[in-house]
Amino acid sequence: MIRVRVPATSANLGPGFDTVGMALSIFNELCVEKSQRLKIEVFGEGTDRISRGEDNLVYRAFFRVFQELGRKPDSVKLILKNEIPLARGLGSSSAAIVAGLVAANAYLGFPLRVEELLRLAVEIEGHPDNVAPALLGGVVVCSQNPELLCVKLPVFELNVVLAVPDFEIKTADARKILPKEVLFEDAKMNVTSVAFLITALYTKRYELLEFGMQDRLHQPYRSTLVPGFYEILECAKRAGALGVALSGSGPAMIAFTESPQPVARAMEEAFRKRGVAVRTFITRPQEKGALELVRIL
Ligand code: HSE
């Protein structure tokens with residue numbers, strides 16, 4: 001049997017649109033074993049809506065590896081134990097894809113290199129800042145212009161609070177509302193912010209995160225989909241958040257902090273005041289990705 005654990009991810013980290021992503025200590029687990037026919041069992045998040053058929057995203061990724069190698073896939077049983085909330089901006093689709101790819105690669109005796117797995121993951125998901133940290137762990141900076149280039153950076157000692165509201169946003173919809181052009185001033189501000197984001201994290205100048213997590217490329221547009229977004233962001237800061245942003249394409253929000261409980265409580269209250277049910281998670285940046293969390297049992 002193959003078992004793989006895949007971390008959740010938070011893409012963008014504020015200004016790093018399509019460029020910076022981080023793995024988080026919430027996991028989906030996939031177990032694969034031989035079976036007479038395809039069987040998919042789902043536990044945890046998404047049990048009521050994840051497909052048990054051949055269109056299941058984990059299975060599609062699993063199948064893609066066999067296809068890549070020109071092989072007919074074996075019949076398998078997939079057991080999914082999901083902790084990552086679906087369609088909230090926490091990389092649930094990336095986790096599904098990376099789980100399928102890494103498990104198939106292990107099942108077949110590791111024929112594909114990490115670069116090939118990354119390429120397949122990006123081909124299926126589209127956004128390297130989501131799939132790369134799920135595969136590699138850590139903080140990853142990525143480019144697709146024109147070659148795919150992903151560089152893993154180490155994790156840092158901060159708590160990460162996630163406030164996950166009780167509604168979904170599909171990434172495709174959250175991309176449709178982005179403008180085709182942006183002001184030069186806004187582009188310049190994002191370049192500055194992302195430079196400060198990386199500086200803050202890797203020189204431990206955490207007081208710079210407030211500026212380093214500001215964004216003018218996607219958050220102003222997507223925040224309109226989250227009731228009270230900027231109010232909640234301010235409440236989190238007052239409770240001790242160092243930097244706050246939309247996680248991925250939302251609607252979850254991510255806050256870096258040294259005092260996670262008060263920040264989680266403040267975000268919860270602020271969402272509830274707006275009449276939005278919310279769950280909060282206190283997590284950490286996650287060093288190891290699926291590549292290192294796969295076992296043959
Ligand atoms: N960088 C992507 C976006 C991540 O923000 O649209 C979503 O998967």
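Counting starts at 1 for both ligands and their atoms, following the listed order.
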Output the list of atoms in ligand 1 that are nearer than 4.0 Å to some heavy atom of [X], sorted by atom number.
X	value
Asn12	1 (N), 3 (C), 5 (O)
Ala11	4 (C)
Asn130	4 (C), 7 (C), 8 (O)

Between Glu157 and Arg284, does at least one N-O distance fall below 4.0 Å, as a salt bridge requires?
yes
Do the charged groups of Lys176 and Asp173 touch, with an N to O distance under 4.0 Å?
yes
Exceeds 12 heavy-atom contacts within 6.0 angstrom, atom [atom1] of [X]:
X	atom1	value
Arg52	CZ	yes
Glu54	CD	no
Lys152	NZ	yes

With hydrophobic residues grouped by side-chain heavy-atom distances under 4.5 Å, do Leu136 and Ile124 end up in a single group?
yes
Is His218 in polar range of ligand 1, meaning some N or O pair under 3.5 Å apart?
no
Geometric N/O contact Ser249 with ligand 1, under 3.5 angstrom:
no
Option with minimal heavy-atom separation from atom 6 (O) of ligand 1, where the choices are Arg175, Lys170, Gln219:
Arg175
Would you mind telling me if ligand 1 is within reach of the side chain of Asp18, the backbone, both or neither, using heavy atoms under 4.0 Å?
both
